[in-house]
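Note on naming: letters A, B, ... go to the chains in the order of the sequence lines (proteins, then strands), and numbering restarts at 1 for each one.
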There are 2 protein chains.
Amino acid sequence: MDFIEIFKALGDENRIRILNLLIRGELCVCEIETVLDMTQSNASRHLNKLKTSGIITSEKKSQWVYYRINNNFIEENNLLYEYIKNKMDEKTQLKRDIERLKKFKEGNFTCEHLRNDKSQVFKYLQCQCDNTRNEN
Amino acid sequence: MDFIEIFKALGDENRIRILNLLIRGELCVCEIETVLDMTQSNASRHLNKLKTSGIITSEKKSQWVYYRINNNFIEENNLLYEYIKNKMDEKTQLKRDIERLKKFKEGNFTCEHLRNDKSQVFKYLQCQCDNTRNEN
DNA sequence: TGATTATATTCAATTATATGCATATACTAA
DNA sequence: TTAGTATATGCATATAATTGAATATAATCA
């Protein structure tokens with residue numbers, strides 16, 4: 001966990017956007033790519049970079065891979081972690097991403113929803129007017 | 001002063017080496033390039049990147065340009081600044097650089113010495129056996 | 001087993017970064 | 001003004017990073 005490598009990993013907007021989500025809790029790749037609207041391969045690659053530098057870890061649960069912040073990273077880089085969280089609060093894009101994450105969570109979407117009809121979930125996340133949704 | 005740009009600027013070993021020196025006090029370009037043994041153009045460009053991201057500032061004094069840590073940066077990024085200083089203590093290369101800086105300072109070298117005979121100063125900095133030096 | 005699906009990886013193209021050399025610019029001093 | 005010097009910058013090049021599309025891999029389920 002070289003701190004220069006950590007800076008390299010953090011010096012990219014897409015990876016900061018991913019981290020911004022993971023701070024709120026673990027997520028699998030298909031959730032991240034949907035909320036952030038990035039391609040699957042791109043999400044996977046950025047996740048790998050964050051993982052290689054020790055910032056996040058992954059755990060395979062059946063066919064899905066869940067990513068989360070590495071507790072070890074938080075312990076060993078606490079000042080940096082607090083700094084990032086503070087600075088994230090000021091960024092418009094990151095606030096918008098959190099709104100989309102909230103919508104996704106409040107909509108009770110799951111990986112299965114994404115499998116069955118990703119574009120419907122995506123449409124729902126884009127809708128500005130309605131923040132509630134019927135179950136199912 | 002976007003924090004992602006700051007991370008980009010910090011994600012390079014040469015720039016961290018420069019910063020490591022500047023934490024000990026201001027220095028001009030010719031001093032930095034000598035202590036770190038990098039080309040003049042390379043030192044200048046890295047300094048510019050650090051300056052553009054708001055981490056350092058410069059002041060022209062007669063023909064020399066002195067660089068120092070930007071106080072504003074320290075104030076607005078205090079957690080990050082403390083983090084960097086802590087992590088720097090663990091890096092071998094950075095400790096070696098500080099030894100060379102100390103030798104340079106204790107040798108009472110100036111920019112004029114570098115102008116007159118840079119290679120002599122350089123040889124002195126490389127010498128492991130002798131940490132003292134006659135005046136002049 | 002075979003079809004489907006989630007994630008990772010390869011390939012190719014594009015873009016960004018780092019660097020040395022040569023030169024431009026800005027300043028000093030004779 | 002001219003010569004000399006410190007720093008910045010343009011140019012060319014090498015290396016690294018980013019990305020989408022296609023494919024490989026690993027797991028699930030019928």
### Task
Report the C-alpha separation of B:Ile84 and A:Leu79 in whole Å, then their side-chain angles, then the decisive distance to 0.1 Å, and conclude whether the side chain to side chain contact (heavy atoms under 4.5 Å, CB included) test is met.
CA-CA 9 Å; B:Ile84 296 169; A:Leu79 288 171; over 6 Å; no
### Residues from residues 4-19 of chain B lying under 4.0 Å of DNA chain C - heavy atoms
B:Asp12, B:Asn14, B:Arg15
### Message
Taking the basic N atoms (NZ, or NE/NH1/NH2) and the acidic carboxylate oxygens, is any pair closer than 4.0 Å for B:Glu76 and A:Lys87?
### Response
no
### Task
Please determine if B:Glu26 and B:Lys61 form a salt bridge, counting it only when a charged side-chain N lies under 4.0 Å from a carboxylate O.
yes
### Task
Test side chain to side chain contact (heavy atoms under 4.5 Å, CB included) on A:Leu47 and A:Val65 and set out the steps.
CA-CA 11 Å; A:Leu47 284 162; A:Val65 177; over 6 Å; no
### Message
For B:Asp97 and B:Gln93, which I'm curious about, is there any donor-acceptor pair between the side chains at under 3.5 Å?
### Response
yes
Find every protein N or O atom lying less than 3.5 Å from an N or O atom of nucleotides 26-30 of chain D, and list the pairs.
none

### Task
Please lay out, stage by stage, how A:Ile6 and A:Asp2 fare under the test side chain to side chain contact (heavy atoms under 4.5 Å, CB included).
CA-CA 6 Å; A:Ile6 290 174; A:Asp2 177 25; over 6 Å; no
### Pairs flagged by salt bridge (Lys or Arg N to Asp or Glu O under 4.0 Å) wherever residues 40-59 of chain B is involved - sequence neighbours left out
B:Glu59-B:Arg68
#### Entry: Separation between CG of A:Leu94 and CG of A:Asn20, rounded to the nearest 0.5 Å
4.5 Å
### Message
For the aromatic rings, using the six-membered ring if either is Trp, is the centroid distance between B:Tyr124 and B:Phe104 under 6.0 Å?
### Response
no
### Task
Taking the six-membered ring of A:Phe7 (Phe, Tyr or Trp), confirm whether the NZ or CZ of B:Arg15 is under 6.0 Å from its centre and within 45° of its axis.
no
### Task
Would you kindly say whether B:Asn116 and B:Glu112 are connected by a side-chain donor-acceptor distance under 3.5 Å?
no
### Task
Mind checking B:Tyr66 for me? I need base, sugar-phosphate or nothing, with any heavy atom below 4.0 Å counting as a touch.
nothing
### Task
Taking only Lys NZ, Arg NE, NH1 and NH2, and the carboxylate oxygens of Asp or Glu, determine whether B:Glu5 and B:Lys8 approach each other closer than 4.0 Å.
yes
### Message
Between A:Ile55 and A:Leu10, is there a side-chain heavy-atom distance shorter than 4.5 Å?
### Response
yes
### Query
What pair of heavy atoms forms the shortest contact from B:Leu21 to B:Val35, and how long is it?
CD1-CG1, 3.9 Å
### Query
Between A:Asn77 and A:Met1, what is the shortest heavy-atom contact and its length?
ND2-CE, 3.9 Å
### Task
Under 4.0 Å from any atom of DNA chain C, heavy atoms only: list the residues of residues 20-41 of chain A that qualify, in numerical order.
A:Cys28, A:Val29, A:Cys30, A:Gln40, A:Ser41
### Query
What is the 5' to 3' range of DNA chain C, first to last nucleotide, that sits under 4.0 Å from any heavy atom of chain A?
C:dT5 to C:dC11
#### Entry: DNA chain C contacts among residues 42-54 of chain B, heavy-atom distance under 4.0 Å
B:Asn42, B:Arg45, B:His46
